[in-house]
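First the structure, in the form of structure tokens, and then the observations on it.
All figures in this text were calculated on a predicted structure; none of them were measured in a lab. The analysis underlying the following values was restricted to heavy atoms, covering all of them including side chains, and did not include hydrogens, waters or symmetry mates.
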Amino acid sequence: MVQATSSPDTTSDVGTEAVPGARHDGASPDAAGLGRARAAAFVVPSMVLIVLFLVLPAAWTIYLGVTNYRLTGLAAAHPEIVGLDNYTTALGDDRFLTSLGLTLQFVLGSAVIGQAFLGFAIAWTLRDRRGPMRRVVEAFVLLAWILPGSVVAFLWIALLDRDAGTLNAVLHTPGAAWLLDHPMLSIIVFNTWRGTAFSMMLYSAALGNVPPSHLETAKLAGANTWQQLRDVVFPRIRGHILTNLLLISLWTFNDFSPYLITAGGPEQKSEILAVYVYKVALSGGQLGFGSAISFLMLLINLVLALVYLRMLGRRKEEA
């Protein structure tokens, strides 16, 4: 009779040797099997780009903000450190405070109300649509987003022109100067039309995660459209809503494209902060003062981001 003989157990040895970068001291192995040196080789190029194009320009801007640096004259050749004078001057400048108020109005009207609301309305309307109609609507919305800003600005100037504008021809209001009489409304509508596509795509993806059975149950329970949105849809896509508001608020706050429409006029009535910085730093040559305002804009962006991130954190805690 032949007796079976047990072979030595080599499972542990094979398992250890088969995983590159495995640790022999009981710690968890490197999941990718790269090791620290090779993993760093993948990270270093991106870190170099971040330092070159983000960290160094930010540090240079902070430095310029505490100097009297100018584009021309003695201050260009020999800038002097002026400390916080640029910041105190900006915070006490009526023109800066007016531009800040116009910028907040621009963000609220164009991003929070305009793009977010219109983007969701389009996504909700098209959620169950199929066929050419949906593709045509999405194509037109996306077209406004992918067109170059200069082309879009030209189209809107042609639309709102006082003498030969398309809008005046349609409304039979010859001579109506929309860009002069309603400059803020004009750039708010312009930016809403231009940026709605991002919100629409994000909300379309979010609505795809809402189970149709939940909406059907709400309908059978007698819930109207608003009640379905309030009780079923919004709680489920709240994270997407906050993420969208964060991104479009920051983009709109720093947007320079309204300059192509109104150039901040008339009489600085549409001079948002991005346009104000351009006029002060480049047109006016006051790089030090303009850099200080740019840093103040960065701080405001950080505050907006922290507010939204705090709201996202509360949502995760509630979940």
Side-chain angles (χ1 to χ4, degrees), residues 49-111 148-150 152-154 156-157 179-180 183-188 190-191 194 249-306:
L49 293 176
I50 291 174
V51 170
L52 288 177
F53 294 103
L54 291 179
V55 177
L56 291 181
W60 181 246
T61 300
I62 294 174
Y63 164 73
L64 290 180
V66 297
T67 68
N68 65 345
Y69 194 88
R70 296 183 63 92
L71 285 176
T72 58
L74 295 176
H78 305 287
E80 298 178 355
I81 301 295
V82 296
L84 299 178
D85 288 353
N86 289 328
Y87 294 95
T88 56
T89 301
L91 294 175
D93 185 12
D94 291 337
R95 185 179 174 186
F96 168 77
L97 298 177
T98 301
S99 295
L100 176 59
L102 292 175
T103 304
L104 296 177
Q105 180 182 342
F106 182 56
V107 172
L108 179 63
S110 175
S150 57
V152 176
F154 174 78
W156 275 83
I157 291 175
L179 294 176
L180 296 177
M184 280 303 299
L185 179 61
S186 297
I187 64 174
I188 286 174
F190 153 76
N191 196 63
R194 189 172 64 99
S249 294
L250 295 180
W251 291 340
T252 304
F253 189 90
N254 300 288
D255 192 14
F256 181 72
S257 58
Y259 180 84
L260 302 175
I261 302 293
T262 63
E267 299 178 354
Q268 303 169 2
K269 292 181 179 179
S270 61
E271 190 180 68
I272 58 177
L273 280 177
V275 177
Y276 176 48
V277 170
Y278 170 79
K279 289 185 175 181
V280 169
L282 298 181
S283 298
Q286 303 178 58
L287 283 182
F289 186 57
S291 297
I293 299 173
S294 298
F295 185 70
L296 291 176
M297 292 177 63
L298 174 62
L299 294 180
I300 297 172
N301 283 325
L302 289 176
V303 171
L304 290 175
L306 289 175

Looking at every heavy atom in both [X] and [Y], which two are closest together, and how far apart are they?
X    : Y    : value
V152 : F190 : CG1-CE1, 3.3 Å
E271 : R95  : OE2-NH2, 2.8 Å
G265 : P183 : O-CB, 3.6 Å
F106 : P258 : CZ-CG, 3.6 Å
A111 : T252 : CB-OG1, 3.5 Å
L64  : S291 : CB-OG, 3.4 Å

Go through the steps for V82 and Y87 under the test side-chain contact (heavy atoms from CB on, under 4.5 Å), then give the verdict. CA-CA 10 Å; V82 296; Y87 294 95; over 6 Å; no
Would you find a donor on one side and an acceptor on the other, under 3.5 Å apart, between the side chain of [X] and the backbone of [Y]?
X    : Y    : result
N86  : T67  : yes
N191 : I187 : no
K279 : A263 : yes
N68  : E80  : yes
S99  : I272 : no

At what distance, to the nearest 0.5 angstrom, does [atom1] of [X] lie from [atom2] of [Y]?
X    : Y    : atom1 : atom2 : value
W60  : Y69  : CH2   : OH    : 6.5 Å
I81  : Y63  : CD1   : OH    : 4.5 Å
I293 : Y278 : CD1   : OH    : 15.0 Å
L260 : W156 : CG    : CH2   : 14.0 Å
N254 : S249 : CG    : OG    : 11.0 Å
L100 : L296 : CG    : CG    : 9.0 Å

If you apply the rule side-chain contact (heavy atoms from CB on, under 4.5 Å), what do you find for L250 with F253, and how did you get there? CA-CA 5 Å; L250 295 180; F253 189 90; 5.7 Å; no
Just to verify, what does D255 make a side chain to side chain donor-acceptor pair (under 3.5 Å) with, not counting sequence neighbours? R194, S257
Residues Y276, T98; criterion side-chain contact (heavy atoms from CB on, under 4.5 Å); working and verdict: CA-CA 10 Å; Y276 176 48; T98 301; over 6 Å; no
Tell me which one of V277, V280, L91 satisfies side chain to side chain contact (heavy atoms under 4.5 Å, CB included) with F96. L91
Taking atom CZ of F154 as the centre, report whether more than 12 heavy atoms of other residues, nucleotides or ligands fall under 6.0 Å from it. no
